[in-house]
Amino acid sequence: MKRFFLFFTLIFFGAYYATLAQNRSEFLLEKNWKFSREESPDFMQPTFDDSKWQTVTVPHDWAIYGPFSPNNDMQNVAILQDGQTKATEHAGRTGGLPFVGIGLYRIQFDIPQFKKGKRVTVLFDGAMANSQVYVNGKKAGEWPYGYNSFHFDITDYVLEGQKNTLAVHLMNRPEQSRWYPGAGLYRNVHVIVTDPVHIPVWGSYITTPVVRKDFARINLKTKIKNADKNGVYILETVIKDANGKHVSTNKVNLTTYDEGEFEQNFVVLNPVLWSIDNPVLYTAESKLYNADLLVDTYNTRFGIRTIELRPNDGFYLNGEKTVFRGVCNHHDLGPLGAAVNNAAIRRQISTMKDMGVNAIRTSHNMPAPELVRACDEMGMMLMVETFDEWKQPKVANGYNLFWDKWAEKDLVNLLHNFRNNPSVVMWCIGNEVPEQANGTEGPKRNKFLQDICHREDPTRPVTNGMDNPGAVTANNFAAIMDVAGFNYRPHLYHENYKKLPQQLILGSETASTVSSRGIYKFPVERKSMVKYPDHQASSYDVEHCGWSNLPEDDFIQHEDLPYAIGEFVWTGFDYLGEPTPYYTDWPSHSSLFGIVDLAGIPKDRFYLYRSHWNKKAETLHILPHWNWKGREGEVTPVFVYTNHPSAELFINGKSQGKRTKDLSVKRDSSANKEAEKTFERQKRYRLMWMDTKYEPGTVKVVAYDANGKAVAEKEMKTAGKPHRIELSVDRTHIKADGKDLAFINVKIVDKEGNFCPDETRQINFKVAGAGNYKAAANGNPASLESFQAPSMRLFSGQLTAIVQSGETPGNIIFEASAKGVRSAKINIHTK
Ligand code: GAL
């Protein structure tokens, strides 16, 4: 491993940023796209009449508008991975939304910067899926994989001084996915105009081969396109710090021996390192001269940091041991579907940071550039993934259809797109691919992909999410990886470790605990794959899948095993599709795995992770709620999630005793069925009162520090009659750019302000002023309500409504009303 990563001094942000010199300009194609789901053979022709088509704004996900139906991509299959042996009808596996079929997009646009001799490139951040791209009626290119970014030089097809027509044909197949993939031009489309001689898309690669306290060495490689053999080309680069101050410069001539790539070296004195708490970014601003004529300007944003793997020890960021407190996330943004939105992405990252998360795995595909940029800026590490499947299918029409022709191209695009981003600390080349058990082809394919990563980016380790430990430790599959990533089965970590040359174990996917926000099941027992008539799972956080476990089963490994380098929990947020264990139980259509629900509202589990992972903030959380009409006198356990070591519980003023986290519980002693039943591992991380009986009134918890001093308390009361709606918003000031979003929490409280936890009342929304209503979600995985209708039922007393700014600054007034309770209004300012 040291071969590659002895000192991963690295860096980066990649993408070229817009538009500085007049030689280069970049714009997005966002508004006034025309869209249809009907096949038209001539749709790409400039003269085609699209006046009857729908007008849409990109990013656009056509399928999120529904309606839900069990017949949307009904998959009559046996999910082998999940241990199923017979085919059954999986209704909501991919979300029950109408994403299968074709989608046609057309846009007519000017390119004022285009003159004869200039070059024009179109860059898609992602298009779902099987895109065929036409410019002015001519085919410009195609890209099958819906998650990847790709670009084409369209100079030969564009017209000077006239409207140009860009037309995109997309097609989603049934059984192409194991979750909701989204549909359409769901990410941004860029047009880039340059001089003939220019720096191409993703044309720079920056690394920091040496990082010391007092200086860092920076290496920048920059490609040049369309250079003339006899030309004189000069690249002048300035490194700027986060305040724009010039900290280093370099000027270099292209020689015959450079093979079309400039190489520059810099020294930056007293570098400020990129870290999770202080994500400092530098920019390399490059100017390309053709003799003394400026022909291009190109910015590469990067960070200075080191990453390192130490056998039997762990992962080090800037020389500091850093355990991955990670989550896996799918790409959908709940009620917004797959359509990329910066505000929604940043809200997810903030929520995760508050929980103490330091890393996100982009399961199981290439992320949106917006996510990677936000992680660079907000201080979140990324494990960037590529594929859920290689050549051997998991779903009939998955990536196996593309593997032979596209695997290398797809991987190279990903690496070039994101190898300058400091947040990216690891590549993940697969997830539970069936090739694990194929001792002949599996290790070869694994090495093939890993070698491409090393070739294009020798600075980062590569992993793979493996769920077949028996096979991968017996064939070469696990041994060749830089980092062996295991999905689930933490009880086998030690056995696997003994066979692994790397002497490190990553929990590439963990937990898959299931729960529904605000829903509690009795009696409180640890259960696997349990189903209930309401299609929910218990928020006591005691239920999991056949292959998975509870959070503490992972905590204990990563705390106690010196070679375990951290975990990525399945999942940070609920997502559309995979309503396990309700595979066949329509109307279930979205996951129950999330620590946070589909509406972005934390479940109880959030506070369990937060109490263990966020060492800087106080956590003191009581569950369940305390409105149990009909359970009077019945055993109703109370759990407290806190970072404090002990707490005392009071019900209506009467002490229920003090509990202290039991640090004597160890990995081995708690690895048996009996210990599972008696929640031994949970006792080390949660405080549990298993015998408390429900009586209406007040539940109070007092937390004590290690010296027995009372340091915090929290109280919860049985709510009375629902009285009024209460609103709160994540941001009261948003940008008037027509894209920014405010997320409004809607709940009902009684006269005294106590939260009414079992309210399911229908709430109606009105939006007036400088914005519009966008969507809502309530986190109920079995709700078939439209995300876009301005009305929704509360689920466990809450929901989230989303409003979007217009382009004129002003005030947005959001109003929520419901029968039988007082309505509420909230103001959001846009500027
Ligand atoms: C894993 C898989 C994930 C998801 C999860 C559910 O095996 O990698 O994509 O399906 O199981 O527990």
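Just so you know, ligand 1 is whichever comes first in the structure, and atom 1 is the first atom listed for that ligand.
- You'll find the side chain of Ile429 reaches within 4.5 Å of the side chain of Asn446, heavy atoms only.
- Residue, atom and distance of the protein heavy atom nearest to atom 4 (C) of ligand 1 are Glu578 OE1, 3.3 Å.
- Of the listed residues (His544, Glu432, His330), the one carrying the non-hydrogen atom nearest atom 7 (O) of ligand 1 is Glu432.
- With Leu333 as the partner, the side-chain contact (heavy atoms from CB on, under 4.5 Å) test is satisfied by one option alone out of Asp61, Val340, Ile64, Ile345: Ile345.
- Here is the list of ligand 1 atoms found below 4.0 Å of a heavy atom in Ser512: 6 (C), 12 (O).
- A donor atom on one side chain and an acceptor atom on the other are found under 3.5 Å apart for Ser508 and Asn487.
- For ligand 1, the atoms lying closer than 4.0 Å to a non-hydrogen atom of Trp547 are 11 (O), 12 (O).
- With ring centers used as reference points, Phe568 lies under 6.0 Å from Phe324.
- Closest to atom 1 (C) of ligand 1 among all protein heavy atoms lies Glu509 OE2, 2.7 Å.
- If you number the atoms of ligand 1 from 1 as listed, the ones under 4.0 Å from a heavy atom of Trp570 come out as 3 (C), 4 (C), 5 (C), 6 (C), 9 (O).
- Close contacts of ligand 1 with His364, meaning ligand atoms under 4.0 Å from a residue heavy atom, involve 3 (C), 8 (O), 9 (O).
- Side-chain polar atoms of Asp457 and Trp427 form a donor-acceptor pair below 3.5 angstrom.
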